[in-house]
Amino acid sequence: MSKTAFSRRPGGEQAHRGELPTDPAVASPPPPRERRRLKSQVPPAARWLGALPALILISLFAGVAIFQAVLISLSDWRGIGDVRLEGFQNYVSIFTDGELWDTLGITFTYAAGSTVGIIVVATLLAAAVSGRAAGSSFYRVVWFLPGIAPAAAVAIFWSTAFQPGFGALNAVARLFGLPGDSALLADPATAIIPVIVVTAWAGVGFAFLLLLGAMEQIPDSIYEAARVDGASRVRQFFSLTLPLARPVIVVTTMLNFIWAFNGFTIVWAMTRGGPGQSTATLPVVVYETAFQFAQYGPAAALAVVGSIILIIVGFFGLRLSKSEQ
Amino acid sequence: MQRRKVSGVIGLAAVGVIVAGCSSAAEEPSPIDTEAPVTITVQQQTSQEALFAAVAEAFEAEYPNVTVELETVSQEQKVGSNLAVLGSSSPPDVGMIPINSEVYTQLVAADALAPLEDVWAEADLDERYSEAVASSLKVDGVPYTVAFSQVIYNVVWLNPDVLAEVGLDVPADNRFESAEQFVEYATVLKEAGKGGFYIGGGSGYHASWMLDALLATAATQEQMDNYLTSWDPAVEVTASFTDEPFVTSLETLNEFNESGVYQDGFLGQDAPTALAPFLEGNAGMAIGGNFTTADFEAAELGFEPTWAILPPVDGGSAAALNLYFGDAMGVPAKAANVEWGKKFLEFLMTDEMQQEAVVGAAGLLPSVNSLGDDALTDLPELTQVLVQDAGENGARPGWTSTVPGGVGQQFIDPLLQQMYSGELTPAEVAEQMQAHLLEYREQNQ
């Protein structure tokens with residue numbers, strides 16, 4: 001670590017908890033004018049040649065799959081045999097039969113609900129741990145454990161816990177004198193709630209680690225200055241921690257939304273999209289349409305629509321993240 | 001692509017009428033090399049590992065140059081994603097192909113299964129299967145699969161100790177005589193804290209099982225035949241799902257629900273979750289089949305379970321147990337070792353393997369009727385009793401266990417859940433079912 005980096009800090013102390021290279025000569029990219037000058041010195045053919053490996057990899061890993069998905073979405077393929085194109089019939093069908101909007105509504109509810117749960121809990125936990133609350137090193141490990149449990153196992157455990165009568169949650173409710181006979185999973189109006197809760201429970205650990213890393217990058221000196229100015233812990237959280245960690249919070253929020261939007265295992269293992277279609281998120285409907293009804297064309301069209309939605313979400317998320325940075 | 005039409009023989013099978021000339025003259029099988037080492041791949045489904053391990057071991061002993069590699073497919077896979085595996089350019093040599101799934105329908109339509117006339121001829125399956133089973137396994141008179149076991153389902157398992165505790169007797173002749181009596185039993189049990197009638201409504205199929213039982217009592221034989229075959233565009237629709245038998249069956253199911261027959265939270269429970277209280281001795285009635293006896297054995301019950309048959313709809317014909325014989329196996333046309341795949345199936349269908357592997361190792365019912373009188377003595381006693389009842393009083397193929405899943409079980413299950421939740425009326429379910437039938441026929445023209 002260079003002395004130059006330390007000399008910029010108040011009192012010359014090592015203020016960062018997680019050190020990053022700060023020597024401009026080592027860490028900073030060349031300025032734009034310099035980049036343009038370097039770029040002009042490389043022949044165009046060589047630049048394309050240099051990009052070729054990346055293009056090939058992208059084509060292999062993403063391009064082929066995307067092309068095939070779009071192709072199938074334009075066909076009446078039944079899972080075997082030739083793919084016969086029939087234009088945009090599948091798209092017309094899914095946009096006109098009404099079920100798509102119900103499905104998207106359920107999917108957005110599930111994705112937004114679980115994302116909000118994950119981010120709120122993970123942010124509070126990360127703030128507590130980064131602030132060195134009592135037992136923070138213990139919580140640092142414990143809160144990550146749900147994130148490494150297999151999703152199917154998590155779903156099976158929790159779906160049992162939510163059962164009326166013998167479910168663990170109802171047993172706890174009875175300890176507090178509550179009825180203890182709720183059957184949230186059995187009611188179409190409430191079935192999505194346990195699924196959201198379990199998804200949030202399973203997803204908090206990873207978000208917690210990301211946010212903790214971001215919060216530990218905030219220099220102590222800023223908090224010290226705030227304390228000198230008389231700012232309370234709560235004020236520090238809202239005025240310092242959240243604003244300074246906001247870029248990571250935005251990215252983490254976006255990632256969790258995308259993961260939940262595409263999530264299948266927990267929903268399927270807990271409810272199979274039921275009762276009725278009350279928890280049938282887009283991935284569940286895609287699965288049912290393709291694998292249970294052998295309607296691969298409409299299923300692929302649904303998947304393509306879902307992908308476009310997520311691309312839009314990702315685009316705005318990245319824009320938001322960059323603007324915050 | 002010229003699609004093959006899966007003929008209406010399934011429905012005719014239900015009434016035991018032979019319409020096809022069974023099989024055409026068996027083709028001469030290609031000779032197999034019994035000297036060169038060969039490895040064949042055979043799919044097995046979860047929970048039947050013991051059966052296929054026994055068959056594989058015996059097959060390798062019979063043909064020392066052959067190594068059998070078993071691939072396990074889940075219950076989910078066998079009715080869904082297995083289509084891609086079996087239709088691929090490198091499928092297993094023997095595949096698991098439930099005949100009431102879109103996997104079977106689409107494979108047959110795409111000519112992706114090897115005809116098994118030679119296997120059937122060698123194993124004499126036209127004689128050893130019942131007429132109903134033999135007919136249901138053929139398409140335009142050609143067999144593409146063999147069914148290796150049968151399942152009896154829609155059994156109401158009873159805990160006589162719990163019934164006695166609440167002042168109820170086991171129904172006379174193991175039959176609920178009416179829907180009213182069935183509701184009364186469930187109500188008494190529920191009021192006593194024993195949960196009513198336990199079904200796994202969340203996993204769906206338990207709900208549609210009951211529809212199978214009731215529909216068979218509500219419809220005439222002619223109507224039932226049409227319900228079982230009308231998914232085939234070649235068969236004229238003469239019994240609409242909006243007709244009285246189907247609607248009455250739905251209304252009866254709805255009345256069960258509104259009367260509180262099912263346990264609390266049943267729509268959020270899968271089959272194992274619903275069965276658990278019964279195994280623990282805390283429930284008086286639970287739905288199941290002959291396969292449930294394996295759960296009884298594993299759970300080491302503290303009581304002697306007995307059984308009954310679901311009631312008929314009011315004014316319907318006598319109720320009977322339901323049969324499922326759809327767990328079938330076939331040989332993908334693109335398999336690397338088609339002849340060895342056929343040989344394996346032929347071996348699986350021998351009386352010896354039906355006895356040792358299907359009955360002995362797996363405790364399942366054989367699909368053939370050529371075993372000796374004492375063949376079933378290896379089965380659990382309760383299973384033997386069910387078999388005896390089916391023999392004496394008949395057993396019926398269920399609607400959802402016969403028609404393709406895409407038109408039957410997988411479509412009706414969510415609708416039944418919506419009906420139980422009060423989102424749809426029985427009439428609305430029937431209307432959606434009929435509309436789906438017409439759409440399905442159009443798509444499979």
Side-chain angles (χ1 to χ4, degrees), chain A residues 76-84 93 97 99 152 155-156 158-167 170 179-191 193-195 268-280 284-285 287-299, chain B residues 1 3 76-77 79-84 86-88 101-103 105-112 193 195 201-204 207 262-270 272-274 276-277 280 282 404-407 409-411 413-424 436 440 443-444:
Chain A
D76 66 347
W77 195 54
R78 304 301 301 271
I80 189 170
D82 299 331
V83 175
R84 293 181 301 189
S93 297
D97 72 0
E99 289 181 18
I156 290 168
W158 279 107
S159 59
T160 305
F162 276 102
Q163 293 303 326
F166 58 88
N170 278 308
D181 58 354
S182 68
L184 295 178
L185 285 169
D187 187 340
T190 59
I193 296 171
V195 183
W268 187 254
M270 288 189 75
T271 66
R272 291 170 185 264
Q277 296 290 325
S278 62
T279 59
V284 168
V285 174
Y287 175 85
E288 289 176 336
T289 308
F291 295 121
Q292 294 190 340
F293 294 93
Q295 300 278 359
Y296 285 79
Chain B
M1 179 179 64
R3 287 178 176 272
E76 298 270 355
Q77 287 171 316
V79 297
S81 59
N82 205 29
L83 172 61
L86 299 177
S88 72
S101 71
E102 287 298 315
V103 174
T105 311
Q106 299 304 325
L107 285 172
V108 171
D111 288 331
S203 52
Y262 309 119
Q263 81 275 17
D264 292 339
F266 72 99
L267 285 178
Q269 297 182 0
D270 59 13
T273 304
E280 292 165 358
N282 295 324
V407 74
Q409 191 170 69
Q410 285 146 7
F411 182 78
D413 282 343
L415 296 184
L416 292 176
Q417 291 176 340
Q418 287 180 284
M419 183 181 77
Y420 287 138
S421 303
E423 295 177 349
L424 293 175
H436 179 66
Y440 186 92
Q443 287 171 344
N444 289 278

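Here is the naming used below: chain letters follow the sequence lines, and residue numbers restart at 1 for every chain.
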Can you say whether Tyr420(B) sits under 4.5 Å from chain A via the side chain, the backbone, both, or neither, judging by heavy atoms?
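When you check distances to chain A, no heavy atom of Tyr420(B) falls under 4.5 Å.
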Using heavy-atom distances under 4.5 Å, tell me whether Glu423(B) contacts chain A through its side chain, its backbone, both, or neither.
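Just the side chain, heavy atoms under 4.5 Å.
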Between [atom1] of [X] and [atom2] of [Y], what distance do you get to the nearest 0.5 Å?
X	Y	atom1	atom2	value
Ile80(A)	Leu107(B)	CD1	CG	4.5 Å
Leu416(B)	Gln409(B)	CG	CD	10.0 Å
Phe266(B)	Asp264(B)	CZ	CG	9.5 Å

Is a side-chain donor or acceptor of [X] paired with a backbone partner of [Y] at a separation under 3.5 angstrom?
X	Y	value
Trp158(A)	Phe162(A)	no
Thr105(B)	Ser101(B)	yes
Arg78(A)	Ala294(A)	yes
Glu288(A)	Phe293(A)	no

Can you tell me which of Asn82(B), Thr273(B), Leu415(B) forms the most heavy-atom pairs within a distance under 4.5 Å of chain A?
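Maximum pair count with chain A is reached by Thr273(B).
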Please state whether the side chain, the backbone, both or neither of [X] comes within less than 4.5 Å of a heavy atom of chain B.
X	value
Ala186(A)	both
Gln163(A)	side chain
Tyr287(A)	side chain
Gln295(A)	side chain

Tell me which of these, Ser278(A), Gly276(A), Ala189(A), has more heavy-atom pairs under 4.5 Å with chain B than the rest.
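Max contact count across the listed options: Gly276(A).
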What residue in Leu184(A), Leu185(A), Asp187(A) has the most heavy-atom pairs under 4.5 Å with chain B?
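Highest number of pairs under 4.5 Å: Leu185(A).
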